[in-house]
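Nothing here was measured: the structure is a model prediction, and the numbers come from that model. Indexing begins at 1, ligand by ligand and atom by atom, following the structure's order.
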Amino acid sequence: MTPRTLEAPPVPEAAEDLNPFHIAMAQFDGAVRYLPDLDPGMVEFLKRPDRLITVEFPIETQDGEVRNFVGHRAIHNSVRGPGKGGIRYHPDVTADEVLALASWMTWKCAVLDVPFGGAKGGVVCNPKELTTSDLRKITRRFIAELGETIGPHTDIPAPDVNTNAETMAWIYDTYQMMHPGENNLPVVTGKPVDIGGSLGRKEATARGSLFCTQRALERGLVPELESVKDATVVIQGYGNAGSIAADEFANAGARITAVSDSRGGIFAVDGLDHKAALEHKRRTGSVVGLPHTTTVSNAELLAVPCDILIPAAMENEIRIDNAGEVRASVVVEAANGPTTPGADRILFDRGVQVLPDILANAGGVTVSYFEWVQNIENEQWDLETVNQKLLRKMNLATDAVIDMQREINDSLDEIEAERKRQNGGRGEPLEPVDLRTAAYILAVRRVARVTAARGIWP
Ligand code: NAD
């Protein structure tokens, strides 16, 4: 698809609504415009969450204080299978953020064609101010409060921001204490490998992003960039997704020129030592200050000229006010929701390709699905098997999204005619779709098809 203009149109900053759930619903609305055959009641059902549970609970912290915490768990849709989605620990967690993240999981699982629905959870807390013992108590109490609402065939948590394999081991242990005598390993994924975790799960999100990028470049996504090899890469966020993306892309021959975390970023025009950056972060708490690098702010990092920009931190990092400064050919969304709808429009108009989160970071949930299957079968697959299956899934999904974009953009006139027929001749003209809208259309079609095939109950 040829971009229509090269310059970003001026868009008023005040127009931007940064509520993640509003954004998720706007993305959905944008996609269903291209699906005029969907029943309006079905559209409403697919858009809205199935349920949101909010719990409050106290723990006694290590310093002897009693503190109250709020946690949320949402299931957006479970038509294609049990709810699946991470648990996040962050001071900015809100019910709307959890609802947005749960809906993105629904569409992601459908794009990858893994048999799960969409779920997500979060506890409002600042892990930087809590000890490991505090976090273990928060985890155990949160899982106990969720009670029977999670389970190996109902809702299956996984890691997300500020949670990791150790957190997943605590979740498993808590659930196991509540349900002795059963195979409870599939209740949570992203576990340590010696407690039923899958080989390759820790790396899966970033590895999936690499596979998706490689496939899209092979398919001609960016004419002047045929492969990841020798590409320059900038990464925002240096946790599970970001730091492993640095390793994966570097191993594929790319040059990592800038990375950042919540305290700031570092830049080296000839490429930086990404492993040393991780070691520096382990030692000092941040990548900032790594020798032979220049310190940059997170805002400056997004404007560093590069071939591939990988947001791997939080939502709403690329917005209307800074999308015009992005100097990458392709944005690979390892994070969930890093680009706002306003920024999407600006990037699309400027010809910057965006591999959307519901495709580009789906390697994590895909290997979580593999872990769940291994747990049910009491099996352990070797790493080569996991990686091969992941590659196949990512390639199929990337192809399906690119093909969907072509299919829709080649039939805009027919879709528009159908919309007008249904609206008594009214309707605005349809614009060509970007890859995010194409991925949504693919996912919504798949979930709608299963919903209809199951028959609306009762
Ligand atoms: P993490 O906690 O391991 O790492 C988050 C990183 O982001 C940290 O380095 C932190 O310092 C940095 N960060 C936070 N705020 C920042 C900011 N404003 N600017 C720059 N850096 C900032 O979390 P993670 O698991 O790597 O998750 C990161 C993103 O990837 C999230 O959007 C998450 O939902 C998404 N994701 C993660 C997985 C997974 O398997 N872990 C799977 C799919 C998607």
Does [X] reach ligand 1 with a nitrogen or oxygen that is under 3.5 Å from one of the ligand's nitrogen or oxygen atoms?
{"X": "G364", "answer": "no"}
{"X": "N336", "answer": "yes"}
{"X": "E315", "answer": "no"}
{"X": "N240", "answer": "yes"}

For this session: Would you sort out whether D160 and N336 count as a side-chain contact (heavy atoms from CB on, under 4.5 Å), showing the intermediate values?
Result: CA-CA 10 Å; D160 195 73; N336 284 306; 4.3 Å; yes
Exercise. Is the closest side-chain heavy-atom distance between I402 and L435 below 4.5 Å?
Worked result: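 A side-chain contact exists here, since the closest heavy-atom pair is under 4.5 Å.
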List ligand 1 atoms under 4.0 Å from [X], heavy atoms only on the residue side.
{"X": "R88", "answer": "31 (C), 32 (O), 33 (C), 34 (O)"}
{"X": "G237", "answer": "7 (O), 12 (C), 21 (N)"}
{"X": "K281", "answer": "9 (O), 11 (O)"}
{"X": "Q236", "answer": "19 (N), 20 (C)"}
{"X": "R201", "answer": "40 (O)"}
{"X": "A335", "answer": "29 (C), 30 (O), 32 (O), 35 (C)"}

Can a salt bridge be assigned to the pair [X] and [Y] using a cut-off of 4.0 Å between side-chain N and carboxylate O?
{"X": "E371", "Y": "K191", "answer": "yes"}
{"X": "R141", "Y": "E145", "answer": "yes"}
{"X": "D399", "Y": "R219", "answer": "yes"}

Considering [options] one by one, which has a heavy atom nearer to [atom] than any of the others?
{"atom": "atom 13 (N) of ligand 1", "options": "G208, G337, A312, S262", "value": "S262"}
{"atom": "atom 29 (C) of ligand 1", "options": "A313, A241, G86", "value": "A313"}
{"atom": "atom 27 (O) of ligand 1", "options": "V161, V365, T163", "value": "V161"}

Starting from [atom], what is the nearest protein heavy atom, named by residue and atom, and what distance separates them?
{"atom": "atom 35 (C) of ligand 1", "value": "A334 O, 3.6 Å"}
{"atom": "atom 21 (N) of ligand 1", "value": "D261 C, 3.2 Å"}
{"atom": "atom 15 (N) of ligand 1", "value": "M314 CG, 3.6 Å"}
{"atom": "atom 39 (C) of ligand 1", "value": "T205 OG1, 3.4 Å"}
{"atom": "atom 6 (C) of ligand 1", "value": "G239 N, 3.7 Å"}
{"atom": "atom 33 (C) of ligand 1", "value": "D160 OD1, 3.3 Å"}
{"atom": "atom 19 (N) of ligand 1", "value": "N298 ND2, 3.2 Å"}
{"atom": "atom 9 (O) of ligand 1", "value": "Y238 N, 3.0 Å"}

What I want to check is whether the side chains of [X] and [Y] have a donor and an acceptor closer together than 3.5 Å.
{"X": "N395", "Y": "T398", "answer": "no"}
{"X": "S286", "Y": "D261", "answer": "yes"}
{"X": "R319", "Y": "T340", "answer": "no"}

Exercise. Can you tell me if E317 has a non-hydrogen atom under 4.0 Å from ligand 1?
Worked result: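 For ligand 1, residue contact (heavy atoms, under 4.0 Å) with E317 is present.
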Kindly assign one of parallel, tilted or perpendicular to the pair [X] and [Y], based on the angle between their ring planes and the thresholds 30° and 60°.
{"X": "F370", "Y": "W381", "answer": "tilted"}
{"X": "Y175", "Y": "H179", "answer": "parallel"}
{"X": "W107", "Y": "Y440", "answer": "tilted"}

Exercise. For ligand 1, which part of E203 has a heavy atom less than 4.0 Å away: the side chain, the backbone, both, or neither?
Worked result: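 Answer for E203: neither.
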Exercise. Under 3.5 Å, side chain of R80 to main-chain N/O of V114, donor-acceptor pair present?
Worked result: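 The answer is yes, because a donor-acceptor pair under 3.5 Å joins these two groups.
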Problem set entry | N316 side chain to T339 backbone, donor-acceptor under 3.5 Å |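 Judged by distance alone, no pair lies under 3.5 Å.
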Exercise. Which residues satisfy the side chain to side chain contact (heavy atoms under 4.5 Å, CB included) test with L278, sequence neighbours excluded?
Worked result: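 Expected list: Y238, S243, R282.
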